Asker: 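I am attaching a structure below and will ask some questions about it afterwards.
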Amino acid sequence: MLKHLVLTAANMPAVHHLVTDTALGRQMASRFVAGDNLDAAMPAIADLNQRGIHASLDYLGENTSNAAEATKTADDYVAILDRIAATGADANISIKLTALGLDIGEAVCLGNVRRVLERACALNIFVRIDMEGSVYTEPTLRLVHLLHREFAGRSTIPGGVVGTVIQSMLFRSGEDVAGLVAEGIRVRLVKGAYREPASIAFPNKFDVDEHYRQLLRTLLAEGIYPAIATHDEGMIAEARRFAHERGIEPTRFEFQMLYGIRRDLQERLVRDGYNVRVYVPYGTQWYPYLSRRMAERPANLMFVVNNALRS
Ligand code: FDA
């Protein structure tokens, strides 16, 4: 309920301006975003790597209807891949299809993603296609299946160069996981960060969590190097328990968390011998990303506002 409220408010132009045009807004963003550009984000990656944590770089941006902008985003991702390779950073990338032209058309988007994947194959760096709102679920999965077949055998990455994300809040996700697992496509499991209608998504957190538990068991048992992406200690405990019970080695999956959230938990998991990857967003287009982080935990909003009032 509160999540819906925050996401609805975030769409109001006045709120948008209040957040993006003020020091308070930028302060809020700096907790979750590694910097305005790649030069600012690379030290954050180095710091994570030093602590034994892998990274996934996300160049912030979504929903462009401008073909030149989508082409430029693909160019930027190619440059990011080159920088990862040149610095030896332990990182892969996460991309959003709407930033690469999905709203313009699938052909435009495919052309851009192919260019990114060509370079990723040459450098042997994995590319995760993030999952956006439910109007994009079907086209995203269609393109992921197509690209996975097209780029099969072009890298030595287990499960191939491309993988995607499944949201436990959607009713359909059990079938989607089955389809991805059958094709050997890597999956990151999340709860889902977008506002969805009750006709297609669980309105109650209890059901979203229960579905998450079911899907994580399927992925751990049958998937290729699944990513259990959550800050929820209950879900993490369930993954650890299930893997232990089934003799699934910690090397066969990873936990993922977001930059700026539960650093203590990230470090504890590394100490316990698990693979951990942190999703590191950077760039100036941070507003939609920040809105989703605030909606997940409205306490964040109060925390930042209180700090700002005190300083
Ligand atoms: P839940 O929301 O139940 O929170 C559990 C606990 O985690 C909270 O009690 C709190 O302690 C902590 N927590 C969670 N969110 C927090 C926040 N914003 N600030 C501070 N603490 C917080 N979604 C999507 O739709 N498509 C995608 O592609 C991705 N990609 C993605 C990658 C990675 C690496 C992660 C970790 C998450 C995503 N997500 C995503 C977001 C995901 O869907 C979900 O919204 C968030 O992970 C929050 O849900 P939790 O599973 O953490 O649990």
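None of the values given here were measured: they were computed from a predicted structure. We count ligands from 1, going down the list as the structure has it; atoms in each ligand are counted the same way.
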Asker: So, regarding Met131 and ligand 1 (criterion: nitrogen or oxygen to nitrogen or oxygen, under 3.5 Å), is there a contact or not?
Answerer: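 Looking only at distances, the answer is yes, because the N/O contact criterion of under 3.5 Å is met.
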Asker: Between Tyr282 and Tyr59 (judged by ring centroids, cut-off 6.0 Å), do the two rings come close enough to count as a pair?
Answerer: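 So the answer is yes for these two rings.
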Asker: I'd like to know if Arg172 pairs up with Glu138 as an ion pair, taking the criterion as any Lys NZ or Arg NE/NH1/NH2 lying under 4.0 Å from an Asp or Glu carboxylate oxygen.
Answerer: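 Judged by the 4.0 Å cut-off on N to carboxylate O distance, Arg172 and Glu138 do form a salt bridge.
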Asker: For Tyr274, does the six-membered ring have the charged nitrogen or CZ of Arg240 within the cation-pi criterion, i.e. under 6.0 angstrom from the centroid and within 45° of the normal?
Answerer: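 No, Arg240 does not lie over the aromatic ring of Tyr274.
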Asker: Of all heavy-atom pairs between Gln167 and Glu132, which one has the smallest distance, and what is that distance?
Answerer: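 Residues Gln167 and Glu132, closest heavy atoms: NE2-O, 3.3 Å.
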Asker: For ligand 1, find out whether one of its N or O atoms is nearer than 3.5 Å to an N or O atom of Arg293.
Answerer: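 Indeed, backbone or side chain, Arg293 has an N or O that close.
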Asker: Taking the six-membered ring of Tyr289 as reference, does the NZ or CZ atom of Arg293 fall below 6.0 Å from its centre and within a 45° cone about the axis?
Answerer: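 Yes, a cation-pi geometry holds between Arg293 and Tyr289.
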Asker: Is the shortest N/O to N/O distance between Ala193 and ligand 1 below 3.5 Å?
Answerer: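 Among all N and O atoms of Ala193, at least one is under 3.5 Å from an N or O of ligand 1.
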Asker: Could you tell me which atoms of ligand 1, counted from 1 in the order shown, lie closer than 4.0 angstrom to a heavy atom of Gly192?
Answerer: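 Checking each atom against Gly192, I get 25 (O), 42 (C), 43 (O), 45 (O).
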Asker: Which residue is it: Thr98, Asp130, Ile129? I am looking for the one with a side chain to side chain contact (heavy atoms under 4.5 Å, CB included) to Thr140.
Answerer: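 Single pass found, and it is Ile129.
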Asker: Hey, which atoms in ligand 1 end up nearer than 4.0 Å to a heavy atom of Thr230?
Answerer: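 Result: 50 (P), 51 (O), 52 (O), 53 (O).
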Asker: Does Glu132 reach ligand 1 with a nitrogen or oxygen that is under 3.5 Å from one of the ligand's nitrogen or oxygen atoms?
Answerer: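 Between Glu132 and ligand 1 (N or O atoms, distance only) the closest approach is not under 3.5 Å.
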Asker: Tell me the contacting part of Glu233 for ligand 1: side chain, backbone, both, or neither, using a 4.0 Å heavy-atom threshold, strictly below.
Answerer: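 Neither; no heavy atom under 4.0 Å.
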Asker: Do Val162 and Val113 touch side chain to side chain, with heavy atoms closer than 4.5 Å?
Answerer: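 No. Closest side-chain heavy atoms not under 4.5 Å.
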Asker: Give the numbers and elements of all ligand 1 atoms closer than 4.0 Å to a heavy atom of Asp130.
Answerer: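 In order of number, 28 (O).
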Asker: Same cluster or not: Val78 versus Leu97, using hydrophobic residues (I, L, V, M, F, W, Y) connected whenever any side-chain heavy atoms lie under 4.5 Å apart?
Answerer: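 No, separate clusters.
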Asker: Suppose I only count heavy atoms of Val165 and a 4.0 Å limit; which atoms of ligand 1 are within that range?
Answerer: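 Result: 27 (C), 28 (O).
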Asker: Hey, is ligand 1 close enough to Tyr194 that some N/O pair sits below 3.5 Å?
Answerer: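 No, Tyr194 has no N/O under 3.5 Å of an N/O on ligand 1.
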Asker: Contact between ligand 1 and Arg188 is defined here as a heavy atom of the residue under 4.0 Å from a ligand atom; is it met?
Answerer: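 Right, Arg188 reaches ligand 1.
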Asker: If you count the atoms of ligand 1 from 1 in the order shown, which ones are under 4.0 Å from a heavy atom of Gln167?
Answerer: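 By the 4.0 Å cutoff, the relevant atoms are 24 (C), 25 (O), 26 (N).
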Asker: Should one rank Arg262, Lys191, Glu254 by closest heavy-atom distance to atom 49 (O) of ligand 1, which comes out on top?
Answerer: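 Ranked by closest heavy atom to atom 49 (O) of ligand 1, first place is Lys191.
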Asker: Return the option from Thr140, Val278, Val190 holding the heavy atom at the smallest distance from atom 42 (C) of ligand 1.
Answerer: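 Heavy atom nearest to atom 42 (C) of ligand 1 belongs to Val190.
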Asker: Salt bridge check, Arg292 against Glu296: does any charged N sit closer than 4.0 Å to a carboxylate O?
Answerer: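 Salt bridge absent between Glu296 and Arg292.
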Asker: What's the separation between atom CG in Leu216 and atom CZ in Phe253, rounded to the nearest 0.5 Å?
Answerer: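 Separation between the atoms: 9.5 Å.
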Asker: Would you mind running through ligand 1 and noting each atom that sits below 4.0 Å from a heavy atom of Gln256?
Answerer: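 The list of qualifying atoms is 34 (C), 36 (C).
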Asker: Between Glu69 and Lys72, is the closest basic N to carboxylate O distance under 4.0 Å?
Answerer: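 Looking at Lys72 and Glu69, the cut-off is not met.
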Asker: Any idea which of His231, Arg31, Arg292 brings a heavy atom closest to atom 7 (O) of ligand 1?
Answerer: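 Among His231, Arg31, Arg292, the closest heavy atom to atom 7 (O) of ligand 1 belongs to His231.
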Asker: Counting only heavy atoms closer than 4.0 Å, does ligand 1 sit against the backbone of Met257, its side chain, both, or neither?
Answerer: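 The answer is the backbone.
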Asker: Should Lys205 be listed as contacting ligand 1, given a heavy-atom distance under 4.0 Å as the test?
Answerer: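 Contact present.
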Asker: Which atoms of ligand 1 are found less than 4.0 Å from any heavy atom of Ile261?
Answerer: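 Here the atoms of ligand 1 in question are 16 (C), 17 (C), 18 (N), 19 (N), 20 (C), 21 (N), 22 (C).
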